[in-house]
Participant: 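Take this structure, written in structure tokens, and hold onto it; I'll ask about it next.
Nothing fancy with the numbering, it's 1 onward along the sequence.
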Amino acid sequence: MSEEIVVLRRRLERERLARKQAEQIAEENSRALFLKGEDLESALALERKTRKEIETLLSALETFTAKLNTAEIVKCLHQFLYPVVASSSTTLYLWQDNSIQIINIKQDSETDPVISFCDEEQSLKIWRRFSKQNKPSVIECCPQENTVGGLLTIQPGSRFILILPLTAQGRIIGFFTAETPEAGVFNDSNIIIASALANEASVALENAMLFREVERLSLTDPLTGLMNRRGFEGDARRSIDIAIRYKHPLSVLMLDIDYFKRVNDTYGHAMGDKVLAEIAHICLKGMRSTDLLARFGGEEFCFLLPETNAENAMLLAERLRVAICAMRFETDAQSFSVTVSIGISECVAKDSLENLLVRSDEALYKAKNTGRNRALLWSLSQ
């Protein structure tokens with residue numbers, strides 16, 4: 001074999017090895033590019049998911065900020081939660097005074113949110129069980145159960161319950177539950193976003209409660225706890241409209257404490273406040289749940305009595321007058337009593353609150369001008 005052939009073979013062998021190495025390098029580069037492409041796609045998918053979650057939270061924040069009604073806030077939260085955790089039912093448990101308000105939303109339900117209240121004993125049990133739960137948790141229930149620990153009602157078929165605590169200004173104000181029949185629906189990823197949504201809802205719920213409290217205070221007399229004139233008028237107009245529409249009896253009483261200025265001048269304003277509060281208490285005891293009572297200012301109280309004609313209104317007025325006259329108020333030096341004068345007017349066809357108040361006032365003034373400590377019914381002769 002000539003030397004040229006040997007050299008040629010060696011060259012071909014080197015070229016074959018070089019080609020093989022080049023193919024291996026190309027294959028490795030291709031694999032690396034594929035893996036980088038997968039990483040890039042994963043990164044892009046994560047970025048899209050994060051952007052969507054941020055958009056959801058921003059939209060939720062904007063929506064919740066515009067709501068001051070508790071049921072509307074719960075409905076909005078359910079709408080935001082459903083795409084995140086696919087919950088078939090969302091329920092709010094909100095601590096209010098000594099009871100728990102419950103608002104339930106069901107997916108695909110055409111009815112309004114179902115609102116109810118637990119009694120004080122049940123509320124206390126729920127509070128003891130869940131008030132210290134300050135982070136989300138998932139509870140699995142037996143298929144046959146329709147409650148969680150005999151405390152929280154769940155929908156038929158639900159097996160997994162996500163509990164999201166609601167905190168405002170560092171205190172727990174309640175919690176949300178989300179239900180599903182499927183395992184694995186609640187995972188670490190969607191629980192985080194669900195918890196963030198619950199936090200946004202917590203602020204909105206706190207604002208709604210504060211708004212209701214401010215509204216209540218604006219309609220309430222702080223001394224007696226009764227409605228003030230502003231709070232009284234809206235409910236009174238509705239009651240009068242119903243009475244006129246269905247031709248039902250309705251009467252208005254105006255009650256005024258006789259010589260009340262003397263009480264303040266003689267015994268002091270603190271004692272005067274006590275007299276007002278005690279008379280308000282006596283008046284409340286004589287009322288039905290459908291009646292309205294307000295302090296109109298000073299020493300004047302106004303009653304609106306649905307389903308009550310003038311005769312029965314007079315009987316109530318006399319009972320109140322006698323009960324108030326029998327009350328004794330004690331001071332360091334002596335005890336004293338007060339009397340009241342009452343004017344009564346009955347609703348007639350096409351009547352108005354303003355007319356009823358005017359007629360009741362006229363009857364009240366006549367009662368005062370004819371000796372006080374009496375109840376008089378308005379008449380055309382006045």
Participant: What I want to find out is whether D265 reaches K261 closely enough, with some N-O distance under 4.0 Å, to be called a salt bridge.
Facilitator: yes
Participant: Are R321 and E318 close enough for a salt bridge, meaning some N to O gap below 4.0 Å?
Facilitator: yes
Participant: With a cut-off of 6.0 Å (strictly less than), are more than 12 heavy atoms of other residues, nucleotides or ligands near CG of D119?
Facilitator: yes
Participant: Is it the case that atom CD in E62 sees more than 12 heavy atoms from other parts of the structure closer than 6.0 Å?
Facilitator: no
Participant: Taking the side chain as every heavy atom from C-beta outward, state whether I240 and L356 have any atom pair closer than 4.5 Å.
Facilitator: yes
Participant: Would you call E215 and R212 a salt bridge, taking side-chain N to carboxylate O under 4.0 Å as the test?
Facilitator: no
Participant: Donor-acceptor pair, N369 side chain versus Y365 backbone, under 3.5 Å?
Facilitator: yes
Participant: Does L77 reach the side chain of L92, with side-chain heavy atoms less than 4.5 Å apart?
Facilitator: no
Participant: Under a 4.5 Å cut-off applied to non-hydrogen side-chain atoms, are T63 and Q79 in contact?
Facilitator: no
Participant: So which atom in A208 and which in N69 form the shortest heavy-atom distance, rounded to 0.1 Å?
Facilitator: CB-N, 4.5 Å
Participant: In sequence, state the C-alpha distance, the side-chain angles, and the governing distance for S341 and D258, and then conclude on side chain to side chain donor-acceptor pair (under 3.5 Å).
Facilitator: CA-CA 7 Å; S341 298; D258 298 327; 2.7 Å; yes
Participant: Backbone N or O of Q334 within a donor-acceptor pair of the T331 side chain at under 3.5 Å?
Facilitator: yes
Participant: Does I73 share a hydrophobic cluster with V203, counting links as ILVMFWY side-chain heavy atoms below 4.5 Å and allowing steps through other members?
Facilitator: no
Participant: Between P113 and V74, is any pair of side-chain heavy atoms under 4.5 Å apart?
Facilitator: no
Participant: With hydrophobic residues grouped by side-chain heavy-atom distances under 4.5 Å, do L217 and M227 end up in a single group?
Facilitator: no
Participant: Could you tell me whether a side-chain N or O of N190 sits under 3.5 Å from a main-chain N or O of V185, the two making a donor and an acceptor?
Facilitator: yes
Participant: To the closest 0.5 Å, what do you measure between CD1 (I257) and CG (L255)?
Facilitator: 7.0 Å
Participant: Are P306 and H248 packed together at the side-chain level, in the sense that at least one heavy-atom pair is separated by less than 4.5 angstrom?
Facilitator: no
Participant: Between atom CG of L276 and atom CZ of F301, what is the distance when rounded to the nearest 0.5 Å?
Facilitator: 5.0 Å
Participant: Between T339 and R372, do the side chains contain a donor N or O and an acceptor N or O under 3.5 Å apart?
Facilitator: no
Participant: Rounded to the nearest 0.5 Å, how far apart are OG1 of T220 and CG of L226?
Facilitator: 9.0 Å
Participant: Got a second to check how far S137's OG is from I163's CD1, nearest 0.5 Å?
Facilitator: 4.5 Å
Participant: Out of Y93, F175, W95, F176, which residue meets the ring pair (Phe, Tyr, Trp, His ring centres under 6.0 Å) rule with F130?
Facilitator: F175
Participant: Would F64 and N207 satisfy side chain to side chain contact (heavy atoms under 4.5 Å, CB included), going step by step from the backbone distance to the final call?
Facilitator: CA-CA 10 Å; F64 291 146; N207 289 338; over 6 Å; no
Participant: State, to 0.1 Å, how close I126 and C118 come at their nearest heavy-atom pair, and which atoms those are.
Facilitator: CD1-SG, 3.9 Å
Participant: Minimum heavy-atom separation for F260 and G272, please, with both atom names.
Facilitator: CZ-O, 3.4 Å
Participant: Between R319 and V322 (side chain of the first, backbone of the second, donor and acceptor by atom type, cut-off under 3.5 Å), is there such a pair?
Facilitator: no
Participant: Is the shortest side-chain N to carboxylate O distance from K366 to E362 below 4.0 Å?
Facilitator: no
Participant: For a side chain to side chain contact (heavy atoms under 4.5 Å, CB included) check, start with the C-alpha distance between T153 and N104, then their side-chain angles and the critical distance, and finish with the verdict.
Facilitator: CA-CA 10 Å; T153 302; N104 175 255; over 6 Å; no
Participant: So, for R230 and S218, which heavy atoms are closest and what is the spacing to 0.1 Å?
Facilitator: NH1-OG, 3.0 Å
Participant: For residues M314 and L377, report the shortest heavy-atom separation together with the two atoms involved.
Facilitator: CE-N, 3.7 Å
Participant: What pair of heavy atoms forms the shortest contact from Q101 to I103, and how long is it?
Facilitator: NE2-CD1, 3.9 Å
Participant: A quick test of your reading: do over 12 heavy atoms of other residues, nucleotides or ligands sit less than 6.0 Å from NZ of K75?
Facilitator: no
Participant: Please walk me through it: do I242 and L250 pass side chain to side chain contact (heavy atoms under 4.5 Å, CB included)?
Facilitator: CA-CA 10 Å; I242 292 171; L250 178 144; over 6 Å; no
Participant: Dump the intermediate steps for side chain to side chain donor-acceptor pair (under 3.5 Å) on R328 and S335, then the final yes or no.
Facilitator: CA-CA 6 Å; R328 301 297 298 178; S335 66; 3.0 Å; yes
Participant: Suppose we call two aromatic rings close when their centres sit under 6.0 Å apart. Are F336 and Y267 close by that rule?
Facilitator: yes
Participant: May I ask you to test the I191-L162 pair for a side-chain heavy-atom distance under 4.5 Å?
Facilitator: yes
Participant: The test is side chain to side chain contact (heavy atoms under 4.5 Å, CB included); show your working for C302 and M254 and say whether it passes.
Facilitator: CA-CA 5 Å; C302 183; M254 294 296 291; 3.4 Å; yes
Participant: Once rounded to the nearest 0.5 Å, what's the spacing between atom CE of M327 and atom SG of C325?
Facilitator: 11.0 Å
Participant: Is E300 paired with R229 through a side-chain N to carboxylate O contact shorter than 4.0 Å?
Facilitator: no
Participant: Evaluate D241 against R238 for salt bridge (charged side-chain N to carboxylate O under 4.0 Å, His left out), listing each step before the verdict.
Facilitator: CA-CA 5 Å; D241 288 343; R238 284 188 288 273; over 6 Å; no
Participant: Kindly say whether E346 contributes a backbone atom to a donor-acceptor pair with the side chain of N309 at under 3.5 angstrom?
Facilitator: no
Participant: For the atom pair CG (L364) and OG (S345), what is the distance rounded to the nearest 0.5 Å?
Facilitator: 12.0 Å
Participant: Looking at side-chain heavy atoms only, is the closest gap between T290 and E307 below 4.5 Å?
Facilitator: no
Participant: Taking only residues at least two apart or on different chains, which pairs with a member in residues 120-130 satisfy side-chain hydrogen bond (donor to acceptor under 3.5 Å, both in side chains)?
Facilitator: none
Participant: Looking at side-chain heavy atoms only, is the closest gap between E179 and T91 below 4.5 Å?
Facilitator: yes
